[in-house]
Asker: 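Below is one structure. I have some questions about it.
A note on names: the letters A, B, ... follow the listed sequences, proteins ahead of strands, and every chain is numbered from 1.
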Number of protein chains: 2
Amino acid sequence: MTKMRQTRQRAAILELLRSLKSHPTAAELHALVRKRLPRISLGTVYRNLDALARQGRIRKLVSGRAEARFDGDLRGHYHVRCTDCGRVGDVFGLELPNVDSAEPGRASGFEILGCRLEFIGVCPECRRRRTSPHDPASGTETDARVPGGLKP
Amino acid sequence: MTKMRQTRQRAAILELLRSLKSHPTAAELHALVRKRLPRISLGTVYRNLDALARQGRIRKLVSGRAEARFDGDLRGHYHVRCTDCGRVGDVFGLELPNVDSAEPGRASGFEILGCRLEFIGVCPECRRRRTSPHDPASGTETDARVPGGLKP
DNA sequence: CTCTCTGCAAATAATTTGCAACCCC
DNA sequence: GGGGTTGCAAATTATTTGCAGAGAG
């Protein structure tokens, strides 16, 4: 990763995103930034969002470009997703304390229906292949990395 | 939702998925089912996975077809995603107990880097628009719906 | 028989990428 | 000036959908 430059479009995207209370998609952001920089392209928005997230200056809320995966085992269990290859593993036998739904409901104004927790990690195969100094954060939201204790 | 028929392809997909310990993507599943039903199309696989998940007979692990969303606010907080419109809201001020990373690591064989938790709910706007008896589970993984207490 | 389902192919949608011009450092 | 960046357009990828024929009930 070489030196990152400060361009008009990058600054506009960052400033705009910081000024918003919402969590826009790339397309929404593009429409908004366009008011100030009418010629900015969607591709540039994507490239900058990626760069900024990779730097940790903004946060990317999951999903984008990951295929859906399916599980035929209905027993309750958690999942771990490999940051390198996307593979998903199972975590059976883990008991976590319940979360009170009233609190997030009050804080957000949403009617809370449930919640979802998944672990982020590196699968055995990818770990083996990890010799070169791989890039740090993929930029995708991955809350904490507290050794021994994770902030859900 | 009318009566669902029992077809050869649907049965094969379900049986195959149940027999697997992995969490295949639709394409991977398609390749596998094809060994038994060489003429089955990818479209049929998608349609059946969706139907089965909607019925709760299999589980769909997030992502597919949701656009990425971005957040310029780096202060630690959680998110709620609206099941109806996809909008994302913030949950500030929620303190949850940490999760021990050793346990999931041991259970899965993965090197655990972090975890991610997001709430699922209905945003104020969609709730207002909710008069008709909307369809229940979208099929997408949403762990528990314990009133007052959510299983993370 | 009647509908739901299937295979096939074309259509969407989100995101990525190749390339020549551009402009930040 | 040199190399990261941009706009544009074409390319990928994942998933959806229209349609006519097939097959489950």
Side-chain angles (χ1 to χ4, degrees), chain A residues 1-14 16 23-31 33-55 57-58 60-70 81 85-88 135 138-141, chain B residues 1-14 16 23-31 33-55 57-58 60-70 81 85-88 135 138-141:
Chain A
M1 199 191 294
T2 37
K3 195 66 145 294
M4 182 178 277
R5 285 178 188 169
Q6 164 72 0
T7 67
R8 210 161 351 120
Q9 19 285 83
R10 183 162 299 159
I13 290 172
L14 182 55
L16 178 57
H23 303 84
T25 62
E28 289 167 354
L29 220 27
H30 179 229
V33 191
R34 246 184 175 178
K35 291 181 181 166
R36 203 191 304 183
L37 300 174
R39 304 198 56 75
I40 193 174
S41 74
L42 181 53
T44 295
V45 172
Y46 271 110
R47 274 184 289 229
N48 278 312
L49 286 173
D50 186 66
L52 290 168
R54 202 174 292 276
Q55 277 191 161
R57 310 225 277 156
I58 67 172
K60 177 177 185 176
L61 277 46
V62 292
S63 70
R65 177 78 315 117
E67 313 138 87
R69 285 176 176 274
F70 300 85
R81 193 172 295 256
C85 69
R87 194 179 345 234
V88 171
D135 66 290
S138 69
T140 295
E141 184 189 45
Chain B
M1 199 191 292
T2 38
K3 194 67 143 294
M4 182 178 277
R5 285 179 185 168
Q6 164 71 0
T7 67
R8 211 162 347 122
Q9 17 286 84
R10 183 163 298 158
I13 290 171
L14 182 55
L16 178 57
H23 303 83
T25 63
E28 289 167 356
L29 220 27
H30 179 230
V33 192
R34 245 183 176 179
K35 290 180 182 167
R36 203 191 305 183
L37 301 174
R39 304 197 56 74
I40 192 173
S41 74
L42 181 54
T44 293
V45 172
Y46 271 110
R47 274 184 289 229
N48 278 313
L49 286 173
D50 185 66
L52 290 169
R54 202 174 293 275
Q55 277 191 158
R57 310 224 278 158
I58 66 171
K60 177 177 185 176
L61 276 47
V62 292
S63 68
R65 178 74 317 115
E67 313 138 86
R69 285 175 177 274
F70 300 85
R81 193 172 295 255
C85 70
R87 195 181 341 237
V88 171
D135 68 288
S138 69
T140 294
E141 185 188 45

Asker: How long is the line joining CG of Asp50(A) and P of dT5(D), in whole Å?
Answerer: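 Value for this atom pair: 12 Å.
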Asker: What's the shortest heavy-atom distance between Arg10(A) and Met4(A), and which atoms?
Answerer: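 So the minimum-distance heavy-atom pair works out to NH1-CG, 2.7 Å.
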Asker: Ignoring backbone atoms, establish whether Tyr46(B) has a side-chain N or O less than 4.0 Å from OP1 or OP2 of dT15(D).
Answerer: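 Affirmative; the distance criterion is met.
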Asker: Starting from C1' on dT6(C), measure out to CG on Leu49(B) and report it in whole angstrom.
Answerer: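 Going from CG in Leu49(B) over to C1' in dT6(C) covers 15 Å.
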Asker: Checking contacts here: which listed nucleotide (dA14(C), dC8(D), dC5(C)) is nearest the side-chain heavy atoms of Glu67(B)?
Answerer: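 Of dA14(C), dC8(D), dC5(C), dA14(C) is nearest to the side chain of Glu67(B).
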Asker: If I take atom NE2 in residue His30(A) and atom C1' in nucleotide dA13(C), what distance separates them, rounded to the nearest angstrom?
Answerer: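 Result: 16 Å.
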Asker: Without decimals, in angstroms, what is the distance between Glu28(A) CD and dA13(C) P?
Answerer: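 Whole-Å distance recorded here is 15 Å.
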Asker: For a quick check of understanding: with a heavy-atom distance under 4.0 Å over all strands, which category does Leu42(B) fall into, base, sugar-phosphate or nothing?
Answerer: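 Touches a base.
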Asker: Expressed as a whole number of angstroms, how long is the span from Arg39(B):CZ to dC5(C):C1'?
Answerer: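 Roughly 15 Å, once rounded to whole Å.
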Asker: Let me spell it out: for each of Thr44(A) and Val45(B), pick the nucleotide of DNA chain C with the closest heavy atom. Which residue's pick is nearer the 5' end?
Answerer: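 The residue whose closest nucleotide sits nearer the 5' end is Val45(B).
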Asker: Which of the following nucleotides, dC8(D), dT6(D), dT15(D), is nearest to the side chain of Arg10(A)?
Answerer: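 Looking only at side-chain atoms, Arg10(A) lies closest to dT6(D).
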Asker: Kindly determine whether Ile40(A) and Ile13(A) satisfy side chain to side chain contact (heavy atoms under 4.5 Å, CB included), including the steps that lead there.
Answerer: CA-CA 10 Å; Ile40(A) 193 174; Ile13(A) 290 172; 4.2 Å; yes
Asker: Take atom CG of Asn48(A) and atom P of dT5(D), then tell me their distance rounded to the nearest Å.
Answerer: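 These atoms are roughly 8 Å apart.
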Asker: When you check every protein heavy atom under 4.0 Å of nucleotides 18-25 of chain D, what one-letter string (B, S, -) results, 5' to 3'?
Answerer: B----BBS
Asker: When you measure from the side chain of Arg69(B) to the backbone N and O of His23(A), does any donor-acceptor pair fall under 3.5 Å?
Answerer: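 Yes: the side chain of Arg69(B) pairs with the backbone of His23(A).
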